[in-house]
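Below is a structure I'd like to ask you about.
Atoms within a ligand are numbered from 1 in the order they appear, just like the ligands themselves. Along the sequence shown, the residues carry numbers beginning at 1. Keep in mind it's a predicted model, so treat the numbers as computed, not measured.
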Amino acid sequence: MSVKRSSIHGQWSSRWVFILAATGSAVGLGNIWRFPYLVGENGGGAFVLVYLLCVVLVGIPIMMAEIMLGRRGRQSPINTMGTLAAEEGLGRHWQLLGWMGMIAGFIILSYYSVIAGWTLAYIFRTGAGLFVDVDATFSKQMFSELINDPEKLLAWHTVFMAMSMVIIARGVKSGLEKAVKFLMPALFVLLLIMVGYAMGTEKFMEGIDYLFNPDFARLADKNFFSDILLPALGQAFFSLSIGMGAIMIYGSYLSQKSSISFNCFTIAFADTLVAILAGIAIFPIVFTYGLEPAGGPGLIFITLPIAFGQMPFGTFFGTLFFILLLFAAWTSAISLLEPAVTWLVENKNMTRVKATTLAGIAVWLLGLATVLSFNQWAFSFSFAGTVKENGLFDMFDIFTSNIMLPIGGLLIAIFAAWRMSRSATVEELGLGDGFYYKTWRFAVRYIAPLGVIVVFLNAIGIFKLLGFVE
Ligand code: PFF
């Protein structure tokens, strides 16, 4: 049966626009802010290696499945899941997948916006030449001054949410398309310049070794499953924007003719490259200036300004860098709210503007918890062998990326490979029925679900309980 639905929210004007928009969603703070600090907290090369395996074995097949479901359903994730489940004669409970994704998007955006607010603050700080010739102590002090000031954090969080809401209200496709076309390549070039700077630092090779040498001795006091594999898997979901319907809704605007597999590989490649380049730019600076790799969420905001303060035209490059990082965060933020906005438009008969205002205000309010996590409400706890110091923010982050997104991904894989008819997936993926299709099917049927389940079982200690591992 061939399904020809169209989205009431519109369609991308070409395949490249989809690739750019989806890359815009994938590339963001996750690559440049989150990836390096997780690498630093989790012992370097081994984490990077496991992360890459998670992207290839679990991330890409699930991304293909998620886009496929979106394109076939052509509605908000909740309604897409309802429609596709009904088509396969399955119950409405599959809609829960969409609901969970929508909630995950809300929570992620609530803290994502606060961190994007730091980026906004750093545009002005670097622009004012504040970091010229500074040392690590000064840079650290500047960062803690920012996060200890809830009013400043609140103000920047508000500005960022307002910026995101304006674009979402206008519709993802107008405005965003043009911005992404120029700004993403510009960010890439700037990262290359940063890598060039890092190559000239004294401890460049130490940084490279830290990043690429999977030295398991560094992980002596860590549990491989719960402390390395779980956060690496979570980061793969977070960075690729999968498991919560963001890429599903983008898929729903994709033309029927476009190749899902080609698109996915391109997006995943670009996303991974940006994360690795960010790592190459950051760790040599960390070691050269005697900073701690496990510096936590402040890592890039402490290290990069030192480098900008030293390099020729550093004030210019630094300001530009934070502006482009802001754009990268912006294009991701938009995709985090899009599932909720489309659902409100479809089900509550709201205009886009009203839906965006309502959803945006709710996210903004929730963001207040993150604002206070770095100061008044700060408390610490231990996760993945690391002490996390920023209470609710860390809990939101851990719960969404390490639990909600992988569960979302698991359900997507189960639906696409076990519940949907084979012929429907053959038709929708357009890969034919040969080797490529079979490889994809094997990956979503077995590797991805088993990967997620094994990581979970280990992380919650079931294997230990049963005596399978020490
Ligand atoms: N992938 C984005 C990043 O790496 O910054 C964050 C993100 C966007 C996560 C959309 C999840 C999502 F659905």
Review point. What is the closest protein heavy atom to atom 4 (O) of ligand 1, and at what distance does it sit?
Key: Ala26 O, 2.9 Å
Practice item. Could you tell me if any non-hydrogen atom of Gly105 lies under 4.0 Å from any atom of ligand 1? Key: no
Check your understanding: Taking only heavy atoms of Asn31, which atoms of ligand 1 are found under 4.0 Å from at least one of them?
Key -> 4 (O)
Check your understanding: So, the side chain of Arg71 versus the backbone of Glu428: is there a donor-acceptor pair under 3.5 Å, distance only?
Key -> yes
Revision key, fill the gap. For Leu29, the ligand 1 atoms with a heavy-atom partner under 4.0 Å come out as 5 (O)
Check your understanding: Quick one: do Glu41 and Lys222 make a salt bridge, cutoff under 4.0 Å?
Key -> no
Review point. Taking 4.0 angstrom as the limit, do Lys388 and Asp397 come out as a salt bridge?
Key: no
Check your understanding: Is the closest basic N to carboxylate O distance between Arg419 and Glu88 below 4.0 Å?
Key -> no
Review point. What atoms of ligand 1 come closer than 4.0 angstrom to any heavy atom of Met244?
Key: 12 (C), 13 (F)
**Study point:** Identity and separation of the nearest protein heavy atom to atom 12 (C) of ligand 1
**Key:** Leu336 CD2, 3.4 Å
Exercise for review: Output, in order, the C-alpha distance, side-chain angles, deciding distance and verdict of ring-ring contact (aromatic ring centres under 6.0 Å, His included) for Tyr210 and Phe283.
Suggested key: CA-CA 8 Å; Tyr210 184 78; Phe283 285 103; 5.1 Å; yes
Check your understanding: What protein heavy atom sits nearest atom 10 (C) of ligand 1, and how far off is it?
Key -> Ser241 OG, 3.3 Å
Practice item. Report, in ascending order of atom number, the atoms of ligand 1 lying under 4.0 Å from any heavy atom of Gly30. Key: 3 (C), 4 (O), 5 (O)
**Study point:** Per atom 5 (O) of ligand 1, closest listed option by heavy atom (Phe237, Tyr112, Phe238)
**Key:** Tyr112
Practice item. Please confirm whether Tyr51 and Phe35 have ring centers closer than 6.0 angstrom. Key: yes
Check your understanding: So is Phe35 in contact with ligand 1, going by heavy-atom distances below 4.0 Å?
Key -> no
Check your understanding: Which heavy atom of the protein is the closest neighbour of atom 2 (C) of ligand 1, given with residue, atom name and distance?
Key -> Ser25 O, 3.3 Å
Review point. Are Phe160 and Trp156 close enough that their ring centers fall under 6.0 Å?
Key: no
Exercise for review: Using a cut-off of 6.0 Å, state whether more than 12 heavy atoms not belonging to Phe316 lie near its atom CZ.
Suggested key: no
Review point. Hey, which atoms in ligand 1 end up nearer than 4.0 Å to a heavy atom of Ser239?
Key: 1 (N), 4 (O)
